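Positions are given from 1 along the sequence. All values derive from a computational prediction rather than experimental measurement.
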Amino acid sequence: ADEGIQRYLPNNLIPKQLQVQGQIQQVWPAPGVQARHNAASQCEETRAGLALMQHGMWQQAQDLFFHAVQKHQSDLAAGTTPGGGGGREEMCLWEDKWIEATKQMNQWDTLSEFARGV
């Protein structure tokens, strides 16, 4: 993981996550579906954020997705190609997952403020 993402991740979370995903997929389909998106994504932010969510690390996932959306938007505003390989679809996924993490942490005021700005 690059240095920006690494600060959100406990040591070796992604390798541990990938090691267990095959076993989980047969037993519990929901993480298996998320694991398939996780493995298919070319974007490191997406893979790391989904892994954090699967481990219940909501605050770290929320921070990572927020940072990814901000970076994507600042790259677009500067007229440069967004880094990390994330396109418009990826940015929408980051936003959706940020909302999901925010709900998990019962941050309703934050969600209300976000909704007013959309």
With side-chain contact (heavy atoms from CB on, under 4.5 Å) as the criterion, how do Phe65 and Met53 come out once you've worked through the C-alpha distance, each side chain's angles and the decisive distance to 0.1 Å? CA-CA 11 Å; Phe65 289 127; Met53 290 178 77; 3.5 Å; yes
Given side-chain contact (heavy atoms from CB on, under 4.5 Å), test Asp63 with His67 step by step and report yes or no. CA-CA 6 Å; Asp63 292 344; His67 172 73; over 6 Å; no
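Looking at every heavy atom in both residues, Ala61 comes nearest to Gly49 through CB-O, 3.9 Å.
Put simply, CG on Leu64 and CG on Leu50 are 9.5 Å apart, with the number rounded to the nearest 0.5 Å. The CG atom of Leu111 lies 5.0 Å from the OG1 atom of Thr102; values are rounded to the nearest 0.5 Å. Here the straight-line distance linking atom OG1 of Thr46 with atom CD of Glu89 works out to 11.0 Å at 0.5 Å rounding. The distance from atom CH2 of Trp58 to atom NZ of Lys103, rounded to the nearest 0.5 Å, is 11.5 Å. Note that the CE atom of Met91 and the CD atom of Glu45 stand 13.0 Å from one another [nearest 0.5 Å]. With rounding to the nearest 0.5 angstrom, the NE2 atom of His72 is 9.5 Å from the SG atom of Cys43.
Legend: residues meeting side-chain contact (heavy atoms from CB on, under 4.5 Å) with Phe114, ordered by chain and number and at least two apart, are Glu95, Trp98, Ile99, Val118. Legend: residues meeting side chain to side chain donor-acceptor pair (under 3.5 Å) with Gln107, ordered by chain and number and at least two apart, are Gln62.
The neighbour count for Asn106 CG, taken as heavy atoms of other residues, nucleotides or ligands under 6.0 Å away, is above 12.
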